[in-house]
S.K.: 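The structure follows.
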Amino acid sequence: MVIDEFLLEAKGASVVEYDISDFIFLEDDIVRYYYQIVTGKVKLNNYTDTGKEILQSIIDEGHSIGEYLLFLNDIGSPVNAVAVTRCKILKLSKASFLELLREQPNLGLDINRNISEHIHFRHIINNSSTQCAAQKLKTLLDFLKIKHNKTEPYSFLVPLTRQEMANFTGLCVETTIKTLKKMEREKLVRIVNRKIYY
DNA sequence: TCATTAAAGTTAT
DNA sequence: ATAACTTTAATGA
């Protein structure tokens, strides 16, 4: 968890509920709140002119959403924040959030860690743009596996749909499926009941 | 090598 | 039911 939930509530945060596919904020919105997920999952994305989704990140329980925007003044969000599942999200005004950080500077470290994680991920994914399909997928899977502290072969159940993997890597679903099957033949992944183990 | 299109099968709600 | 996801196959850049 990035910031203790009781602490946020004591500072005036309220819990807001979102349904699947609800937008928490939209591209170009100026974000005025600190958002932290209590339950559920959220994604950051963009949509191309042809309607294709570009996934920027999937954010799990306990993590904050686009918090870095609060350190930039009057900058529109470059991404949409969309509820992937039903969500309960703590929402604290920017002013209270900044005040909280001044009162408890050590919290800055936790915020920093969260932001750094996202930058690191984006760099890794961006850097894979020169690679072939199999490498792109492997890069994505490697990152997720390490993040979940898994090391043994096939010990990591990939928590993404093929569609999501495609939207992360910029590949189309069909190529993603075909490539994953090739990787299965090469013993890089194991597929059981459509679940992918890496 | 990979995107696109189409068509059909499967799963989840 | 119906929408979302998965799969296969053909075609073309």
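Residue numbers start from 1 in every chain, and the chains themselves are labelled A, B, ... in the order their sequence lines are given, proteins ahead of strands.
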S.K.: Measure CG/A:Leu171 against C1'/C:dT6 and give the value in whole Å, please.
M.R.: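 Those two atoms, CG and C1', are 16 Å apart.
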S.K.: To the nearest Å, how far apart are A:Leu180 CG and C:dT6 P?
M.R.: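 Those two atoms, CG and P, are 10 Å apart.
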S.K.: Do A:Asp142 and A:Tyr198 have side-chain atoms, one donor and one acceptor, less than 3.5 Å apart?
M.R.: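 There is such a pair (donor and acceptor under 3.5 Å, judged by atom type) between the side chains of A:Asp142 and A:Tyr198.
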S.K.: Closest approach to the side chain of A:Gln163, judged atom by atom: which nucleotide of C:dA9, C:dT6, B:dA3 is it?
M.R.: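 Nucleotide nearest to A:Gln163's side chain: C:dT6.
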S.K.: Could A:Glu164 and A:Lys43 be called an ion pair, given the rule that one side-chain N must be under 4.0 Å from one carboxylate O?
M.R.: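 Answer for the salt bridge query: no.
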S.K.: What's the CD1-P distance between A:Ile177 and B:dT4, to the nearest Å?
M.R.: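 The distance from CD1 of A:Ile177 to P of B:dT4 comes to 15 Å, rounded to the nearest Å.
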S.K.: For A:Thr179 and for A:Arg194, find the nucleotide of DNA chain B with the closest heavy atom, then tell me which residue's nucleotide is more 5'.
M.R.: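 Nearest nucleotide further toward 5': that of A:Thr179.
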S.K.: Relative to each other, are the rings of A:Phe97 and A:Phe71 parallel, tilted or perpendicular (30° and 60° limits)?
M.R.: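 Plane angle over 60°, so perpendicular.
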S.K.: Could you give the CD-to-P distance, from A:Gln131 to B:dT1, as a whole number of Å?
M.R.: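 After rounding, the gap between these two atoms is 15 Å.
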S.K.: Heavy atoms from C-beta onward define the side chain here; which of C:dT6, B:dC2, B:dT4 lies closest to that of A:Thr161?
M.R.: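 The listed nucleotide nearest to A:Thr161's side chain is C:dT6.
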S.K.: Output the rounded distance in Å from NZ (A:Lys182) to C1' (B:dT1).
M.R.: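 Atom NZ in A:Lys182 sits about 9 Å away from atom C1' in B:dT1.
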S.K.: Over all strands shown, is A:Lys178 touching base, sugar-phosphate only, or nothing at heavy-atom distances under 4.0 angstrom?
M.R.: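 Counting heavy atoms under 4.0 Å across all strands, no contact is made by A:Lys178.
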S.K.: Round to the nearest Å and state the distance from A:Glu174 atom CD to C:dA10 atom C1'.
M.R.: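 So the two atoms are 12 Å apart, to the nearest Å.
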S.K.: Anything under 30° is parallel, anything over 60° is perpendicular, the rest tilted; go ahead and classify A:Phe168 against A:Phe121.
M.R.: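 Rings of A:Phe168 and A:Phe121: perpendicular, over 60°.
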S.K.: Would you kindly give the CD-to-C1' distance between A:Glu53 and C:dA4, to the nearest whole Å?
M.R.: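 Spelled out: CD on A:Glu53 to C1' on C:dA4 is 13 Å.
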S.K.: If two hydrophobic side chains count as joined below 4.5 Å and joins carry through other members, does A:Val31 share a cluster with A:Tyr34?
M.R.: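 Yes; A:Tyr34 is reachable from A:Val31 via cluster members.
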S.K.: The side chain of A:Cys172 is closest to which nucleotide in this list: C:dT7, B:dC2, B:dA3?
M.R.: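 When the side chain of A:Cys172 is considered, B:dA3 is the closest of C:dT7, B:dC2, B:dA3.
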S.K.: NZ of A:Lys136 versus C1' of B:dC2: gap in Å, rounded?
M.R.: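 That distance rounds to 9 Å.
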S.K.: Counting only side-chain N and O atoms of A:Lys181, is one of them less than 4.0 Å from OP1 or OP2 of C:dT8?
M.R.: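 A:Lys181 to C:dT8 OP1/OP2: side-chain N or O found under 4.0 Å.
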